[in-house]
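Working notes for the structure below.
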Amino acid sequence: MNKKKLAIAAGIVILIIIGYFYYQKENDENISLTAKVQKGTFKNEVIISGEAQSTSSKDINGPINARRHNIYQLKIQDLVAEGTVVKKGGYIGKLDASEVNGKINDALLNLENAQSKYTQQQLDTTLSLKQERNGIKDLQFEIEEAKLEAKQSIYEAPSIIRQLEIKLEKLDRDLREKKEDYSIKKRQANAKMIEVGTEVSKIKKKIEELNSLQKEFTIYSEDEGMVTYVKDWNGTKKKVGSTISPWEPAIASLPDLTKMESKTYSNEVDIRKIKKDLVVKIGFDAFPDIELDGIVTDVANVGENKRGSDIKLFQVLIKLNEINKNIRPGMTTSNRILTHEEEDVLMVPLEAIFSKDSISYTFVKSGYSINKKQVELGLANNEMVIITKGLEENDVVYLNKPENSDDNTITLLQK
């Protein structure tokens with residue numbers, strides 16, 4: 001019997017507890033949130049995220065003369081980690097040199113062939129001119145013999161003497177022609193030697209250029225700084241396996257960390273509010289405690305479509321007026337652009353404003369009662385709205401609709 005009474009008592013206690021919490025929950029749901037009408041400075045801000053970048057940087061380029069040797073795609077084979085601080089002459093990375101190495105090997109084979117042709121032409125020229133010189137000497141000997149014969153024939157018949165004179169004249173003419181032929185052949189041989197010699201020199205120069213180009217496939221920094229990699233056309237940064245071209249040879253850059261800005265994009269609605277020289281507060285996702293002052297330096301007049309979206313976005317550039325050693329290019333920024341500011345105005349939270357039939361009103365606490373009062377609104381931001389008429393400073397307004405207030409009459413503003 002005692003156990004039965006105990007069980008009944010426990011059940012009653014449990015019902016009381018459940019009833020208490022249910023009643024408490026109902027009370028919690030009926031709790032009304034309130035706020036006071038504040039007087040102060042109203043700020044209207046556009047908040048957009050962006051990316052930190054340097055306004056001044058030195059590009060680190062791959063070979064810019066590769067196009068002269070018909071090399072148009074250069075593949076990145078190795079790179080130091082982005083953010084690496086390098087000194088002047090420090091190693092940055094390496095490009096795949098297989099194509100230029102192949103061209104050097106081809107040029108060496110061509111040089112060997114050209115040198116062989118040069119040697120062959122030299123031998124041919126020497127032999128050919130030697131034969132010509134021997135022919136001239138033979139004619140000179142014949143002329144000497146003809147002269148001796150003519151000298152010994154002074155007592156011969158006039159016809160014989162005349163024949164010897166004609167022979168001598170013919171030999172003199174042949175000698176002149178032979179010398180002229182020799183001169184022409186010598187000039188021809190010299191021209192041919194110059195031609196094959198020029199080909200050898202041209203190939204040697206090409207090999208020198210290719211060797212010099214090959215050295216440029218290992219990339220070094222021309223200055224000291226922190227390495228940041230440039231972006232491809234699709235927005236991804238250069239990395240191992242990416243390619244560069246002679247028209248876009250930049251691989252990385254060394255940004256000037258004393259000249260930083262935030263590059264961001266605004267939608268079509270907010271861009272109308274953003275003007276050049278507006279003040280900005282700049283925060284950083286990586287460093288929540290850091291907030292720097294900035295100023296809008298450029299607002300695009302023409303929108304652009306971001307990849308995969310039809311929404312028009314307008315580029316906005318914001319200069320950082322302060323320097324902080326922790327800030328690096330590529331960091332995500334949160335930019336609060338002050339588009340409008342009014343001092344000494346009355347404000348309430350947006351949640352305190354209700355509307356009916358184009359009339360804006362608030363629920364105002366008045367002692368133990370609630371008044372439903374029309375208000376005239378000014379500008380609003382994401383949190384607050386200006387009250388130009390209808391409320392006084394320190395009035396208490398409700399942020400949610402009080403119970404049983406729907407039947408209350410709205411007290412209209414006096415005109």
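Here, residue 1 is the first one in the sequence, and each next residue gets the next number.
Judged by distance alone, the side chain of S56 and the main-chain N or O of D256 form no donor-acceptor pair under 3.5 Å. Looking at Q121, its side chain never comes within 3.5 Å of a backbone N or O of M193 through a donor-acceptor pair. In this structure a side-chain-to-backbone donor-acceptor pair under 3.5 Å is present from S201 to G197. Checked by atom type and distance alone, the side chain of D232 never pairs as donor or acceptor with a backbone atom of N234 at under 3.5 Å. With hydrogens and angles ignored, the 3.5 Å screen pairs no side-chain donor or acceptor of S116 with any backbone N or O of E112. Between the side chain of T264 and the backbone N or O of V316, no donor-acceptor pair lies under 3.5 Å. For D395 (side chain) and E392 (main-chain N/O), a donor-acceptor pair under 3.5 Å exists by modelled atom type. Under a 3.5 Å cut-off, the side chain of T84 and the backbone N or O of V227 do not form any donor-acceptor pair. A distance-only check finds a donor-acceptor pair linking the side chain of N400 to the backbone of L33 [under 3.5 Å]. At least one donor-acceptor pair closer than 3.5 Å links the side chain of N267 to the backbone N or O of D270.
Side-chain polar atoms of N326 and N324 form a donor-acceptor pair below 3.5 angstrom.
The shortest non-hydrogen separation linking G62 to I219 is CA-CD1, 3.9 Å. Of all heavy-atom pairs spanning K43 and L338, the tightest one is CB-CD1, 3.7 Å. The nearest pair of heavy atoms linking D96 to F217 is O-CE2, 3.2 Å. Contact detail for Y229 and I251: the closest heavy-atom pair is CD2-O, 3.6 Å.
Between D106 and K103 there is no salt bridge, since no side-chain nitrogen of the basic residue lies less than 4.0 Å from a carboxylate oxygen of the acidic one.
Evaluation of the salt bridge (charged side-chain N to carboxylate O under 4.0 Å, His left out) test over residues 340-364, restricted to residues two or more places apart or in two chains, returns K39-D344. For residues 315-340, the salt bridge (charged side-chain N to carboxylate O under 4.0 Å, His left out) pairs, not counting sequence neighbours, are E45-R336, E291-R336. Sorted by first then second residue, the ring-ring contact (aromatic ring centres under 6.0 Å, His included) pairs that include residues 58-77, not counting sequence neighbours, are Y72-W247. Here ring-ring contact (aromatic ring centres under 6.0 Å, His included) pairs that include residues 259-306, with residues two or more places apart or in two chains, number zero.
Looking at residues two or more places apart in sequence or on another chain, you find a salt bridge (Lys or Arg N to Asp or Glu O under 4.0 Å) between K231 and E51. For K88, there are no side-chain hydrogen bond (donor to acceptor under 3.5 Å, both in side chains) partners, not counting sequence neighbours.
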#### Entry: Worked verdict on S253 versus T228 for side-chain hydrogen bond (donor to acceptor under 3.5 Å, both in side chains)
CA-CA 5 Å; S253 63; T228 59; 2.9 Å; yes
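Put simply, the side chain of V364 does not reach to within 4.5 Å of the side chain of V37, judged on heavy atoms. P63 places none of its side-chain heavy atoms less than 4.5 Å from the side chain of Q214.
Applying the side chain to side chain donor-acceptor pair (under 3.5 Å) test between E82 and each of K238, K239, K237 identifies K237 as the sole match.
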